[in-house]
Amino acid sequence: MADAVTEDAARAAKPETGRGFGVQFIYDALKRDILEMRLPPGSGLDETRLSERFSMSRTPVREALVRLVAEGLATTLPNRNTIVSAIDFANLPVYFDALTLMYRVTTRLAALKRTEADIARLKAEQVKFAAAVRAADALAMIGTNRDFHVAIAEAGRNRYYTELFTRLLDEGRRILRVYYSSFDDHLPDPYVAEHDAMIAAIEARDADEAERLGGRHARQIIAQLQAFLASGAGAAIALSGES
């Protein structure tokens, strides 16, 4: 069943005492299961069952679910039940348009407004991403990729663009999980090098090249996803709450 406890999660050790720690523990475990699609879209997130799973009261479970809802990974229904949010494939073209624009705008602004500290941060984030790629750790790739691109947006010093791009990146985390699955979690080196090329353009203050590379990076991801989904190769990946 879609909302069944996964074997590895069921064996998770009970966390240390303290409500804040408990909320974080539950949130991290559920977020991991959602991003890995062990809990596919539409899966129920029943407070009582989760309380039993984590051997904790319903209060930290409820607080963890509130955080997941705020991030768009879970949805509270009119009947007050909570489920894993659906992936809206019908609106993917609109999402991809907005994502591509933000890749272009944020890299361009970063090239115009970056500081030496920004460049150091980008290089540090890229080191983390490259390490995740070498380890074929998809969840780490998702997180470090997000942090890398948020760092680019913050280097552009427009908080509205940064907030929008961050939201788009967060909403697309499960889509990015499908992207890495299309490579069997072994991202080819040329795609890792695209980040290095963006850093070089930003460091050189070449706004036109930075924008071009940002747009190309987005289009590569989109084309790979579209080809993977159209081929039917992604059929084995659970994308709905059906068992």
Side-chain angles (χ1 to χ4, degrees), residues 2 6 8-9 27-43 68 71-74 84-89 91-93 95-100 102-103 106-107 122 124-153 165-199 213-241:
T6 57
D8 57 336
Y27 164 81
D28 288 340
L30 291 177
K31 182 176 180 179
R32 181 174 61 248
D33 284 353
I34 291 170
L35 291 179
E36 278 286 355
M37 296 191 194
R38 297 188 190 106
L39 287 172
S43 299
L68 292 169
E71 290 191 15
L73 292 174
V84 176
S85 296
I87 297 176
D88 189 357
F89 283 95
N91 280 323
L92 274 185
Y95 171 81
F96 286 151
D97 281 348
L99 189 70
T100 302
M102 284 299 99
Y103 269 102
T106 55
T107 48
L122 290 178
E125 297 294 351
Q126 173 64 348
V127 167
K128 296 175 188 175
F129 176 70
V133 171
R134 286 194 301 274
D137 185 338
L139 286 187
M141 285 190 276
I142 291 169
T144 55
N145 178 76
R146 181 252 191 211
D147 292 345
F148 174 79
H149 288 290
V150 168
I152 289 178
F165 196 28
T166 300
R167 194 180 86 194
L168 290 170
L169 291 167
D170 285 341
E171 288 181 5
R173 281 174 294 188
R174 285 179 295 170
I175 295 298
L176 199 59
R177 182 68 188 93
V178 176
Y179 170 73
Y180 292 133
S181 293
S182 74
F183 295 108
D184 198 23
D185 293 346
H186 290 83
L187 190 66
D189 289 340
Y191 298 150
V192 181
E194 289 183 357
H195 281 189
D196 293 312
M198 282 188 277
I199 293 173
L213 291 170
R216 188 180 73 178
H217 188 61
R219 289 191 295 273
Q220 179 274 125
I221 294 171
I222 293 166
Q224 177 70 17
L225 277 167
Q226 290 173 332
F228 182 66
L229 294 172
S231 72
I237 299 173
L239 295 176
S240 71

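Numbering of residues begins at 1 and proceeds along the displayed sequence.
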CG-CG distance between Leu73 and Leu30, expressed to the nearest 0.5 angstrom
10.0 Å
Applying salt bridge (Lys or Arg N to Asp or Glu O under 4.0 Å), can you list everything that pairs with Arg167, at least two apart in sequence or on another chain?
Glu171
Hey, what do you get for CZ (Arg32) to CG (Asp28), rounding to the nearest 0.5 Å?
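It comes to 7.5 Å.
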Once rounded to the nearest 0.5 Å, what's the spacing between atom CZ of Arg219 and atom OH of Tyr103?
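If we round to the nearest 0.5 Å, Arg219:CZ and Tyr103:OH are 12.5 Å apart.
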Qualifying residues under salt bridge (Lys or Arg N to Asp or Glu O under 4.0 Å), relative to Arg146, sequence neighbours excluded:
Asp170
Under the side chain to side chain donor-acceptor pair (under 3.5 Å) test, residues paired with Tyr27 that sit two or more places apart
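For Tyr27, the residues satisfying side chain to side chain donor-acceptor pair (under 3.5 Å) (neighbours in sequence not counted) are Lys31, Glu71.
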Restricting to non-hydrogen atoms, name the atom on Leu39 and the atom on Val84 that form the minimum distance, rounded to 0.1 Å.
O-CG1, 3.8 Å
CA sep, side-chain torsions, deciding dist, call: Leu122, His195, side-chain contact (heavy atoms from CB on, under 4.5 Å)
CA-CA 9 Å; Leu122 290 178; His195 281 189; over 6 Å; no
For residues Ala132 and Thr144, report the shortest heavy-atom separation together with the two atoms involved.
CB-OG1, 4.0 Å
Kindly compute the distance separating CZ (Phe165) from OG1 (Thr107), expressed to the nearest 0.5 Å.
8.0 Å
Sidechain-backbone polar pair: Ser231 side chain, Phe228 backbone, donor-acceptor under 3.5 Å:
yes
Taking all non-hydrogen atoms of both residues into account, name the closest pair between Arg174 and Ala86 and its distance.
NH2-O, 3.5 Å
Passes side-chain contact (heavy atoms from CB on, under 4.5 Å), Lys128 versus Asp147? Steps please.
CA-CA 10 Å; Lys128 296 175 188 175; Asp147 292 345; over 6 Å; no
How would you list, by chain and number, every residue that makes a salt bridge (Lys or Arg N to Asp or Glu O under 4.0 Å) with Asp185, sequence neighbours excluded?
Arg177
Pro41 versus Ser85, closest heavy-atom pair with distance
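Of all heavy-atom pairs spanning Pro41 and Ser85, the closest is CB-O, 3.5 Å.
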Would you say the side-chain atoms of Glu125 pair up with the backbone N or O of His149, donor to acceptor, closer than 3.5 Å?
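No.
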Drop me the distance from Ile175's CD1 to Tyr95's OH, to the nearest 0.5 angstrom.
7.5 Å
Residues in side chain to side chain donor-acceptor pair (under 3.5 Å) with Asn91, at least two apart?
Asp88
Heavy-atom pair with the smallest gap, counting every atom of Ile221 and Tyr179
CA-CE1, 3.8 Å
Please report the closest heavy-atom contact between His217 and Tyr191, naming both atoms and the distance.
CE1-O, 4.3 Å
Output the distance between atom CD (Gln224) and atom CG (Leu229), rounded to the nearest 0.5 Å.
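Reported value, rounded in 0.5 Å steps: 10.0 Å.
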Enumerate, atom names and distances included, each donor-acceptor pair closer than 3.5 Å involving a side-chain atom of residues 136-143, sequence neighbours excluded.
from	atom 1	to	atom 2	distance (Å)
Asp137	OD1	Leu139	N	3.3
Asp137	OD1	Ala140	N	3.1

Take Phe148 and Leu169, measure what side-chain contact (heavy atoms from CB on, under 4.5 Å) needs, and give me the verdict at the end.
CA-CA 11 Å; Phe148 174 79; Leu169 291 167; over 6 Å; no
Is the backbone of Ala218 close enough, under 3.5 Å, to the side chain of Thr100 for a donor and an acceptor to pair up by distance?
no
